[in-house]
J.: 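Let me begin by handing over the structure; questions about it come next.
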Amino acid sequence: MEPKEKPITLLRKKGIHLFVAGSLLGGLMMASVSPVTAFAAEPPSANAAVSGGTAVNPGLVETMKPLWSVITDDDREQGTAWQHRTALYMDKGIVATITSGQLVALQVRSGKRLWKFGGNLVSYVYSDSYGFYVITKGGLLTAVSPTGKKRWSAAIGTFNSGDKIIYLGNFIGVVQGSTIRAFRISNGELKWTMKDAGSPLLDYQMINGELVGDQNGDGAFATTDVVAFDWVTGKFLWKTPGHELPEFIGNQPYLYSRKIDIPFNLDAEERTVTLDGIGSTGKIEDTRIFKHQVAEPGTQAGNFYPRVVWHDNWLYIFWGDVIEGYDLLSGGWDSPVKRFPQPADTEPTGIVAYDGFQMRNIENGELSIVRMNSGQHVTWPSSGKTFLEAESLGRGLYERYVGGLLRAVDQRNGKVIFQANTGTQPFAGPVLRVGSYIVVQKEGTLQSYLLPEQLQ
């Protein structure tokens, strides 16, 4: 039965994929990669280093082999770059992927084929608690049950690489360029269409009945604009130019969004971060300014554009040389409650997991962790390979490298738990997790691994 239509207080679908260049992956197929609740961190392990030191001898790291591997499509032959070719149905432990133009469902623990559906499908699949959604090359959106049966179909026209499906409460949203359509989950009824939504949404969240997202703005400098729509009717509500995706703070009447300062003055010794409170009409109703004096101009802080990370009603500002934390729910806007050094040559990815900020090395993209309560910097040995991407899934951080190396790091202590040589084919999408298993997507194959106990 479809739930009643009612405003959702806050449902955020933020991309937490850790790309060197940045990216977004929406949809419930990524539900397992949501940032986890912070837990007390374990002491650093024997192959982790702290406080910026060089990682000690890592010892032997187990090399895992896949439980199973199946042949899938290789989209390189088609010249496309799909990142949603595989999706999970969490309740039944099913992984479904596009193979030879069909949706093929496999049992994650064994690789056994359960069913196949359709034909002439584009290499894109989305999943939610009702099942899967696929699109034919003829432009037909089809909802498929967890048992492989057709639920409904709706015409949407040509679906191109870069288009996507997003979650809209009681509806499935289809974003095609500047057009957004909302279909009722239960029967595929077209609820509304917006043809001039502007550039595609980069990220989005749902707050009090509004779909709030950010999109590329106009002008000579690369900025983003915040836009809001009524998620039930699709009506455009407001637009606030030159701001990042806003955050909902529990006891505040406004959405707070960082104002984008471009061009940013790297010669100024005093740096500022401006947060604007956006009201229900998109008008700026409140402004808060945070300042920091650069200790050593010409160092990393002197060439660092300050970053903002939100977590559990806390605001963290990464200035380049220090990290400051403000407890906004308790009214701590005026002075930071936490303050500790920011490791040299690092920037935050925006992910907080197990009491730690994930940090990216600006030079090589490799990851590390800064404990959000102590400032302790936890690192682990370099792989010696060129870093590509990583996913945060429960306790594990799964790093992918050029050449097919996969490494699993325990986010609680920085220990490298295992590695796997997945083959030389390029990765075709993010690592996915369901229960005690992970699924690795390659061009031409799909692989499953049983997680060690430490990462379950």
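Please read these numbers as outputs of a predicted model, since none were measured by experiment.
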J.: Give, for atom CD1 of I417 and atom CZ of R395, the distance between the pair rounded to the nearest 0.5 Å.
T.: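 Reported to 0.5 Å precision, the distance equals 10.0 Å.
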J.: So how far is it from L367 CG to T346 OG1, rounded to the nearest 0.5 Å?
T.: 11.0 Å
J.: Could E247 and R258 be called an ion pair, given the rule that one side-chain N must be under 4.0 Å from one carboxylate O?
T.: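 Looking at R258 together with E247, the answer is no, because their closest N to O distance does not fall below 4.0 Å.
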J.: What orientation do F418 and Y398 show, parallel under 30°, tilted 30 to 60°, or perpendicular over 60°?
T.: tilted
J.: Whether the side chain of S127 engages the backbone of L88 through a donor-acceptor N/O pair (distance < 3.5 Å, no angle test) should be reported.
T.: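 Side chain of S127 to backbone of L88: a pair is present.
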J.: Can you see whether R412 engages Q454 through a side-chain donor-acceptor pair at a distance of less than 3.5 angstrom?
T.: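 Per modelled atom types, R412 and Q454 side chains form no pair under 3.5 Å.
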J.: Measure the CG-CG distance between L121 and L140 for me, rounded to the nearest 0.5 Å.
T.: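 Reported value, rounded in 0.5 Å steps: 10.0 Å.
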J.: With Y449 as reference, evaluate M64, R433, K65 under the side-chain contact (heavy atoms from CB on, under 4.5 Å) test and give the passing residue.
T.: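 Exactly one option meets the side-chain contact (heavy atoms from CB on, under 4.5 Å) with Y449, and it is M64.
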J.: I'd like to know whether Y133 forms a side chain to side chain contact (heavy atoms under 4.5 Å, CB included) with L141, so could you lay out the CA-CA distance, the side-chain angles of the two residues, the decisive distance to 0.1 Å, and finally the verdict.
T.: CA-CA 7 Å; Y133 301 84; L141 170 68; 4.2 Å; yes
J.: Could you tell me whether the side chain of V378 reaches within less than 4.5 Å of the side chain of N413, counting heavy atoms only?
T.: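 A side-chain contact is absent here, since even the closest heavy-atom pair is not under 4.5 Å.
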J.: Give me the atom names and distance for the closest heavy-atom approach of P146 to Y89.
T.: CG-CZ, 3.4 Å
J.: Less than 6.0 angstrom separating the ring centers of F132 and F117, yes or no?
T.: no
J.: Does a sphere of radius 6.0 Å around CZ in R288 hold more than 12 heavy atoms from other residues, nucleotides or ligands, not counting ones at 6.0 Å or beyond?
T.: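 Enclosed: over 12 neighbouring heavy atoms sit under 6.0 Å from CZ of R288.
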J.: Assess whether side chain to side chain contact (heavy atoms under 4.5 Å, CB included) is satisfied between V370 and F340, documenting all intermediate values.
T.: CA-CA 10 Å; V370 170; F340 34 78; 4.0 Å; yes
J.: Using modelled atom types and a 3.5 Å cut-off, is there a donor and acceptor pairing between side-chain atoms of W68 and backbone atoms of V108?
T.: yes
J.: Looking only at atom types and distance, does a side-chain atom of W310 sit under 3.5 Å from a main-chain N or O of P246, one as donor and one as acceptor?
T.: no
J.: Just so I know, are the side chains of L446 and L106 near enough to count as touching, which here means a heavy-atom distance under 4.5 Å?
T.: yes
J.: Taking all atoms of both residues into account, what is the closest heavy-atom pair of I323 and P341, and its distance?
T.: CD1-O, 4.0 Å
J.: Would you check if W314 and V337 make a side-chain contact, meaning some heavy-atom pair closer than 4.5 Å?
T.: yes
J.: Is there a side-chain contact between V144 and V134 (heavy atoms, below 4.5 Å)?
T.: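 Side chain of V144 against side chain of V134, heavy atoms only: contact under 4.5 Å found.
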J.: How far apart are the C-alpha atoms of Q456 and L450, what are their side-chain angles, what is the distance that settles it, and do they pass the side chain to side chain contact (heavy atoms under 4.5 Å, CB included) test?
T.: CA-CA 9 Å; Q456 291 185 13; L450 176 64; 4.2 Å; yes
J.: Of K385, R360, R407, which meets salt bridge (charged side-chain N to carboxylate O under 4.0 Å, His left out) against E399?
T.: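 The salt bridge (charged side-chain N to carboxylate O under 4.0 Å, His left out) with E399 is passed solely by R407 among K385, R360, R407.
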J.: Quick check against the 3.5 Å criterion: does Q176 have a side-chain atom that pairs as donor or acceptor with the backbone of T158?
T.: yes
J.: Using distance alone, with no hydrogens and no angle criterion, decide if S382 and E366 have a side-chain donor and acceptor under 3.5 Å apart.
T.: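 S382 vs E366: donor-acceptor pair found between side chains.
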J.: Quick one, L67 and Y437 - any side-chain contact, counting heavy atoms below 4.5 Å?
T.: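 Result yes, sub-4.5 Å side-chain heavy-atom pair found.
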J.: Please check if any side-chain donor atom of T97 sits under 3.5 Å from a side-chain acceptor atom of T86, or the reverse.
T.: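 The criterion, which ignores hydrogens and geometry beyond distance, is satisfied for T86 and T97.
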J.: Between the side chain of D214 and the main-chain N/O of D225, is any donor-acceptor distance below 3.5 Å?
T.: no
J.: Taking all heavy atoms of A96 and all of V125, pick out the closest pair and write down the distance.
T.: O-CG1, 4.0 Å
J.: Keeping E443 on the side-chain end and P426 on the backbone end, is there a donor-acceptor pair under 3.5 Å?
T.: no
J.: Is a donor on one side and an acceptor on the other found under 3.5 Å between the side chain of E244 and the backbone of I260?
T.: no
J.: Kindly indicate, with the supporting measurements, whether the criterion side chain to side chain contact (heavy atoms under 4.5 Å, CB included) is fulfilled by L103 and T142.
T.: CA-CA 11 Å; L103 181 65; T142 301; over 6 Å; no
J.: Quick one: does T224's side chain have a donor or acceptor within less than 3.5 Å of a partner on H243's backbone?
T.: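 At least one qualifying donor-acceptor pair exists.
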J.: Let me confirm one number: the CD1-CD1 distance from I172 to I185, rounded to the nearest 0.5 Å.
T.: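 Answer for the CD1-CD1 pair, I172 versus I185, is 4.5 Å.
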J.: Which atom pair, heavy atoms only, marks the closest approach of V226 to S257?
T.: CG2-OG, 4.1 Å
J.: If every non-hydrogen atom of E210 is compared with every non-hydrogen atom of A228, which pair is closest and at what distance?
T.: OE1-CB, 3.9 Å
J.: Please check if the number of heavy atoms outside K442 that lie under 6.0 Å from its NZ is greater than 12.
T.: yes
J.: Rounded at 0.5 Å granularity, tell me how far CZ in F357 sits from NE2 in H311.
T.: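 F357 atom CZ to H311 atom NE2 measures 7.5 Å (nearest 0.5 Å).
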J.: Could you tell me whether a side-chain N or O of D163 sits under 3.5 Å from a main-chain N or O of G177, the two making a donor and an acceptor?
T.: yes
J.: Between W319 and Q342, is any side-chain donor less than 3.5 angstrom from a side-chain acceptor?
T.: no
J.: Side-chain contact test, heavy atoms from C-beta onward, threshold under 4.5 Å: evaluate it for N421 versus L405 and give yes or no.
T.: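 Yes; the side chains approach each other to less than 4.5 Å.
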J.: State, with a plain yes or no, whether a side-chain heavy atom of F248 is found less than 4.5 Å away from one of L255.
T.: yes
J.: Starting from the C-alpha separation in whole Å, work towards a yes-or-no answer on side chain to side chain donor-acceptor pair (under 3.5 Å) for S392 and Q411.
T.: CA-CA 9 Å; S392 174; Q411 298 188 98; 3.2 Å; yes
J.: Just wondering, more than 12 heavy atoms not from K338 lying within 6.0 Å of its NZ?
T.: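 It does: K338 NZ has more than 12 such atoms within range.
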J.: Closest heavy-atom contact between T272 and K291?
T.: CG2-CG, 3.8 Å
J.: Measuring centre to centre across the rings, with the benzene-like ring taken for any Trp, is F171 within less than 6.0 Å of F183?
T.: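 No, the ring of F171 stays outside the 6.0 Å limit from the ring of F183, centre to centre.
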J.: Are F229 and L168 close enough that some pair of their side-chain heavy atoms sits under 4.5 Å apart?
T.: no
J.: Would you kindly say whether Y354 and D410 are connected by a side-chain donor-acceptor distance under 3.5 Å?
T.: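 D410 and Y354 do not have a side-chain donor-acceptor pair below 3.5 Å.
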J.: Rounded to the nearest 0.5 Å, how far does OH of Y124 lie from CD1 of I135?
T.: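 Nearest 0.5 Å value for the CD1-OH distance: 6.5 Å.
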J.: Is the backbone N or O of G350 less than 3.5 Å from a side-chain atom of R307, with the two atoms forming a donor-acceptor pair by type?
T.: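 Side chain of R307 to backbone of G350, a donor-acceptor pair under 3.5 Å: no, none is there.
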